[in-house]
Amino acid sequence: MINITLPDNSVKSYESGVTALKIAADISEGLARNVLAAKVNGDIWDATRPINQDAKVQLLTWNDEEGKAAMWHSSAHLMAEAIELLYPGTKFGIGPDIENGFYYDVDFGSHDISDKDFGKIEQKMQELARSKQEFSRKEVSKQEAETYFTNKGDEYKLELINELEDGQITFYESGYFTDLCRGPHIPNTGVIKAIKLLKIAGAYWRGDEKRKQLTRIYGITFPKKKELDEYLLLLEEAKKRDHRVLGKELELFTFSQNVGQGLPLWLPKGAQLREKLEQYLKRVQKDAGYESVITPHIGNVNLYKTSGHFQKYGEESFRPITTPVEGEEFFLKPMNCPHHCEIFNFKPHSYKELPIRYAEFGTVYRYEQSGELHGLTRVRGFTQDDAHIFCTPDQIKSEFNGVIDIIQQIFKALDFKDVLIQISLRDPNNPTKYIGSDENWEKAESAIIEVAEERGLNAKIEYGEAAFYGPKMDFMVKDAIGRKWQLGTIQVDYNLPERFDLTYIGADNEKHRPVMIHRAPFGSMERFVAVLIEHCAGNFPLWLTPDQVIILPISEKYQEYAEKVLSLLKKHEIRSLIDDRSEKTGRKIRDAEMKKIPFMLIVGEKEENDLTVSVRKHGGEDIGTLSIDGFADHINNEIKASLQEK
RNA sequence: GCCAGUAUAGCUCAGUUGGCCAGAGCAGCUGAUUUGUAAUCAGCUGGUCGGGGGUUCGAAUCCCUCUACUGGCUCCA
C-alpha cells in the first residue's frame with residue numbers, strides 16, 4: 001500500500017500501481033472524466049501512469065495550465081496521426097504545445113500543402129478524436145527506438161534519439177501513430193471536442209537557417225465547441241486593435257512603396273502624438289541629469305570600422321554612400337553610439353564629471369530582412385530615444401537604478417501593466433566569446449541582479465543571451481495578439497570604450513576606461529507607438545491624444561460661437577477642432593466617437609446665451625454643462641491628475 | 001532571406017466553371033436640409049482589377065515573373 005497526499009493535505013492509501021485517473025474516479029465520476037494529467041511529486045505525469053510509491057498528487061484539468069498543455073501536446077500527436085494517414089510517407093520533426101495551442105513540424109516530402117488542406121486534416125482529427133484513442137506510454141531502449149525510426153525512415157526523429165540517453169527514452173502510442181515523446185498525455189482523445197488549425201508556415205529544422213525548412217502547422221483544440229468560438233472571436237477582436245489598422249483609421253502613419261519598404265511616414269496626427277511623447281521623455285531626462293546632443297544621420301565608414309559594426313553588419317546594411325572624392329564612403333547611421341563616443345572624446349574628462357549622460361532622439365537605418373518588416377514594430381528607419389551613459393564600473397548599479405526609474409515612470413504613465421523583464425547574462429559554458437574582463441562582467445552582472453532584487457522586479461534571467469559586449473536588461477510588452485516586443489532596454493558595453501579608446505582621469509591622476517551604458521526607455525518611437533496603440537486600442541491618454549476636444553455646433557448659426565470656444569481652449573493649450581459640417585448632431589457625435597476623441601462639446605442656443613458648453617465624454621458619459629473656463633480647468637485637472645497619480 | 005497566402009475606387013469588400021462598357025457601401029464633391037447626444041436626403045466624381053510578360057477569339061478570373069502586404073521561421077548592432 002502507498003500513501004497519496006492530495007493538495008488539501010488529505011492522505012489516502014492505495015495499492016501500489018494506482019493511477020491519478022483512479023484517484024479522480026474515487027472523488028467523483030465527473031472529475032475522472034475531466035482529468036487530463038497529474039502532478040506527481042512535482043512532475044507532470046499521464047493520469048494513466050501507475051504510481052508505485054508514496055506521492056503528492058495534484059489532478060490537472062482544463063483549468064490548469066499544465067492540463068491545457070497536456071491536451072494541446074496530445075492534440076499535436078492527433079494532428080500528426082491524421083497527417084500520417086492522409087499523407088503517407090510524411091516525416092515528423094517536433095510537435096510541442098505552446099502558449100495558445102500547439103504545432104507540429106513536418107516534412108511532407110512530395111506533397112504540396114497549404115491552408116486549403118486544413119479542412120481535410122481537421123476532419124480526420126475529429127474522426128480520430130471521436131474514437132477515444134488512448135495514449136499508451138512505453139519505455140524503450142535507444143536501440144529499439146533507433147530501429148523503429150530507421151524502419152520508418154524518419155531521419156528527424158533519429159537525430160533527436162541520437163542526442164538522448166539510453167534508459168530515458170519513451171514512446172507514446174495512440175491509434176495508428178507512435179511518437180518519440182517524453183509526454184505526458186491525456187488519457188484519451190475523447191476530450192478533444194473542438195479543433196481548429198490556424199496557420200501554416202515554414203520553420204527551419206532545429207531553428208537552423210542552414211538546415212531544411214519543414215512545414216509547421218499551428219492549431220488549437222478545446223474541450224467544448226463554445227470555447228473555440230469564444231477564442232476565435234477574441235482573435236477577431238484583437239485584430240481590431242492592430243496598430244496597422246488603427247494607424248490607418250486614426251490617420252497616424254502610412255507607408256508608401258515609392259518611399260520604400262519599412263520606411264514609415266508619420267501623418268500630422270501621428271507626428272503630434274510622437275512629439276508629445278518626445279517632450280514628455282525629454283523633460284523626465286532633463287530632471288534625471290541627461291544632456292541633449294545632436295549628431296548627423298550619416299558617418300564616415302571609418303567610424304564604423306572603429307566601432308566594429310562595419311565588419312559585423314556592413315554586408316547586410318544599406319550600401320555605403322559615395323562622394324565625388326575617390327574612395328570616400330559614408331554610412332547611414334545604424335546606431336548613435338559611435339557618434340556619442342566621438343562626442344565623449346571631444347575633450348579629456350575627469351572622474352569628477354562622471355557619469356556623463358548624452359541623450360539624443362537619433363534616427364537610424366538598418367536594412368532588416370524583408371520578411372522581418374512588420375508595421376511600425378519592425379522597420380528600416382526608426383528613431384531611438386537613445387542615450388549613452390559614461391561612468392565608472394562602480395556607478396553601474398546606481399545608473400541602472402536611475403534608468404529603471406525612468407522606464408517604470410513611462411510605463412506607469414501609459415498604463416503598461418504586463419511588462420516582462422529579462423536580464424541577459426553570459427553563457428557560462430562559453431566564456432571566451434565575450435569582450436571585457438571577468439572582473440568587470442562579474443561586477444556588472446551582479447549589479448544588475450542586485451538592482452532587480454532590491455526593486456522587487458519580477459525579472460527572468462537568461463544565460464547566454466547577453467551581447468558579446470556586455471549584459472543587459474530588456475523590458476518587453478505584448479501586442480494585441482500576444483506577440484512580445486522589446487521596448488525599453490539597458491545595456492552595459494565594455495567594447496566601444498575600448499575601441500574608441502575612451503578614458504577619464506581618475507583621482508590617482510591615471511587614465512581609466514569608463515563603462516558605457518546604452519539605454520532607450522521607449523526603445524524606438526515607432527515600436528513604442530505601435531505597442532501603445534494596440535495597448536489602448538487607439539484610446540490614448542488625454543495628455544497624449546492628438547485631438548482632445550471636438551466642438552459640435554448644433555447648426556451653422558452657432559459656428560461663430562464654436563470658433564470663440566475654440567480660440568479660448570487654444571489659450572488653455574487644449575487641442576481642439578470644430579465639426580462644421582452641415583450634419584445632424586447625432587451624426588457628428590457618431591463620427592467623433594469613431595475618431596476616439598475624448599471630449600465632445602455640443603454648442604447651441606442655450607450654450608451661446610450662457611457662454612457654456614455641453615460636455616459629452618467619449619463612450620457616452622454626460623458631464624453636463626460647464627462654463628468654457630470651467631471645462632478648460634476640468635480637462636487640465638484631469639491631465640494633471642492622471643500624470644501625477646502615476 | 002526562407003515557407004505559405006493575399007493584392008479589384010481613398011477605405012471595407014462583391015465579381016459564379018475565362019464571355020457584352022468592372023459593382024456595392026462608406027469616404028469625397030455638388031445641391032437640398034439648419035439639425036440637441038452614435039449614420040438626413042438626392043445627384044455626381046472616382047478603378048490600366050499591384051507592375052510586366054504569356055496562354056486564349058476573348059483574362060480581374062489561367063500560367064510565369066517582379067513588387068508590396070499578411071502569418072510564421074531565421075535575424076534583430
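Any value given below was found using the heavy atoms of this structure, including those in side chains, with hydrogens, waters and symmetry copies removed. In what follows, every chain begins at residue 1, and chains take the letters A, B, ... in the order their sequences are listed.
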Looking only at side-chain N and O atoms, does [X] come under 4.0 Å of OP1 or OP2 in [N]?
X: A/K333; N: B/A77; answer: no
X: A/Q261; N: B/C69; answer: yes
X: A/Q257; N: B/U67; answer: no

Any N or O donor-acceptor pair linking the side chain of [X] to the base of [N] at under 3.5 Å?
X: A/R216; N: B/C3; answer: no
X: A/E368; N: B/C76; answer: no
X: A/Y204; N: B/G1; answer: yes

Base, sugar-phosphate, or nothing: which does [X] touch, judged by heavy atoms less than 4.0 Å apart?
X: A/R366; answer: base
X: A/Q559; answer: nothing
X: A/K312; answer: nothing

Would you mind telling me which residue lines up with the more 5' stretch of RNA chain B, A/H518 or A/S370, judged by nearest nucleotide? A/S370

When you match A/A201 and A/D112 each to their closest nucleotide on RNA chain B, which lands nearer the 5' end? A/D112

Nearest heavy-atom neighbours spanning [X] and [Y]:
X: A/Q311; Y: A/K305; value: NE2-O, 3.2 Å
X: A/G362; Y: A/N336; value: CA-OD1, 3.6 Å
X: A/L198; Y: A/F118; value: C-CE2, 3.9 Å
X: A/D547; Y: A/I597; value: O-CG2, 3.6 Å

Nearest to the [X] side chain among [options], which nucleotide is it?
X: A/E605; options: B/G36, B/A77, B/A38; answer: B/G36
X: A/R483; options: B/C76, B/C2, B/G71; answer: B/G71
X: A/K199; options: B/U37, B/G72, B/A77; answer: B/G72
X: A/R587; options: B/C76, B/U67, B/U40; answer: B/U40

Determine yes or no for a side-chain-to-main-chain donor-acceptor pair under 3.5 angstrom, with A/E445 supplying the side chain and A/L425 the backbone. no

So, the side chain of A/D105 versus the backbone of A/L214: is there a donor-acceptor pair under 3.5 Å, distance only? no

Gap in Å between the two C1' atoms, one belonging to B/C63 and one to B/U56, rounded: 12 Å

Donor-acceptor pair between A/Y469 and A/Q491 side chains, under 3.5 angstrom: yes

In this structure, how many angstroms lie between the [atom2] atom of [N] and the [atom1] atom of [X], rounded?
X: A/R378; N: B/G1; atom1: CZ; atom2: C1'; result: 12 Å
X: A/M594; N: B/A27; atom1: CE; atom2: P; result: 8 Å
X: A/K239; N: B/G71; atom1: NZ; atom2: C1'; result: 9 Å
X: A/R519; N: B/A77; atom1: CZ; atom2: C1'; result: 17 Å

Check this for me: A/L233, atom CG, are more than 12 non-hydrogen atoms of other residues, nucleotides or ligands nearer than 6.0 Å? yes

Any salt bridge linking A/R590 with A/E593? Criterion: basic side-chain nitrogen under 4.0 Å from a carboxylate oxygen. no

Is a salt bridge present between A/K240 and A/E249, judged by a nitrogen-to-oxygen distance below 4.0 Å? no

If we require ring centres under 5.5 Å and near-parallel planes under 30°, does A/Y218 stack on B/G72? no

Where does RNA chain B pair, written as one dot-bracket string 5' to 3', with Watson-Crick or G-U pairs under 3.5 Å, ( ) inside the strand, [ ] for crossing pairs and | for another strand? (((((((..((((.....[...)))).(((((.......))))).....(((((..]....))))))))))))....

Distances for protein N or O near nucleotides 30-35 of chain B N or O, under 3.5 Å:
residue, atom, partner, partner atom, Å
B/U33, N3, A/S582, OG, 2.7
B/U33, O4, A/S582, OG, 2.9
B/U34, O2, A/E556, N, 3.0
B/U34, N3, A/E556, OE2, 3.2
B/U34, O4, A/E556, OE1, 3.2
B/U34, O4, A/E556, OE2, 2.5
B/U35, O2', A/T585, N, 3.4
B/U35, O4, A/S582, O, 3.3
B/U35, O4, A/S582, OG, 2.6

